[in-house]
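All residue numbers refer to positions in the sequence shown, counting from 1.
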Amino acid sequence: MEHGKKYTEVAKQVDGKKTYKLDEAIALLKKTSYVKFDPTIELHFRLGIDPRHADQQVRSTAVLPHGTGKQVRILVFTQGEGEILARQAGADFVGSDDLIKQIEGGWTDFDIAVATPEQMGKVGKLGKILGRRGLMPNPKSGTICQPSELPRVIQETRRGKVEFRNEPKAGLIHVGVGKLSFSEQQIRENVLNLIEGIVRNKPSGAKGIYIRSITLTSTMGPGIHLEVNPTLAEVGNTN
């Protein structure tokens with residue numbers, strides 16, 4: 001892959017063979033951005049898992065203390081008491097058959113879909129549409145819940161709850177953890193919260209080294225490899 005002159009110039013500041021301490025990497029991340037918009041910061045993990053086995057799947061959520069920097073549009077499939085609670089909690093779209101019909105017609109202008117359990121019989125038929133976009137409600141991501149839990153789920157999502165899961169054919173995870181305009185301390189806290197969540201959800205079948213590499217990057221920017229063990233030590237965990 002060929003990169004432009006601006007990328008090539010800033011990439012010279014990053015040693016691709018070196019691993020960096022977290023604070024050093026965050027400072028470098030800010031120095032090596034050259035785009036005119038506010039880029040998304042991402043963490044990329046290479047895990048020591050074999051995703052072909054059911055007991056080596058990684059999928060859960062983490063709440064980023066400073067949010068993602070993005071406006072999240074939340075849709076809730078529910079009726080009755082759940083509809084009242086979801087609207088009071090500030091969900092953007094709330095309904096049942098009406099929303100299902102809209103989605104079947106091709107509408108997907110939302111970022112997160114939540115459902116109460118009794119709705120899943122209906123929502124299941126949207127699998128091909130929602131599944132391809134990673135929008136299908138799932139208990140592992142906390143997006144299937146009882147009506148009484150809707151306010152909490154909606155509030156957590158607004159605050160910055162993100163889902164992480166390994167790629168189906170590889171032990172790789174990619175998650176956005178904020179915007180480059182965040183302060184270095186805000187980026188640091190978001191990064192450590194996400195790493196803590198991934199460590200906490202180490203699958204039972206994973207053997208040996210669990211987190212093999214962590215790379216910090218921003219949209220269109222160079223990847224910066226973190227020192228794994230020192231970074232894990234900062235969240236109270238070791239490899």
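- By the 4.0 Å N-to-carboxylate-O rule, Lys18 lies close enough to Glu24 to be salt-bridged with it.
- No donor-acceptor contact under 3.5 angstrom links the side chains of His225 and Thr19, judged on distance only.
- Side-chain N/O atoms of Ser60 and Lys140 include no donor and acceptor closer than 3.5 Å.
- Here the closest non-hydrogen pair linking Val35 and Met220 is CG1-SD, 3.9 Å.
- Counted by atom type alone, Ser148 and Gln146 present zero donor-acceptor pairs between their side chains at under 3.5 Å.
- For the residue pair Pro137 and Thr143, the shortest heavy atom distance occurs at CA-OG1, 3.3 Å.
- For the residue pair Gln119 and Ser96, a side-chain donor N or O sits within less than 3.5 Å of a side-chain acceptor on the partner.
- Ion pairing between Arg200 and Glu196 holds under the 4.0 Å rule for side-chain N and carboxylate O.
- Using modelled atom types, one finds a donor on one side chain and an acceptor on the other under 3.5 Å when comparing Ser181 with Asp38.
- By the 4.5 Å heavy-atom criterion applied to side chains, Thr231 and Lys21 are not counted as neighbours.
- Under a 4.0 Å N-O distance rule, the pair Asp50/Arg52 qualifies as a salt bridge.
- In the model, Glu167 has a side-chain atom that pairs as donor or acceptor with a side-chain atom of His174 under 3.5 Å.
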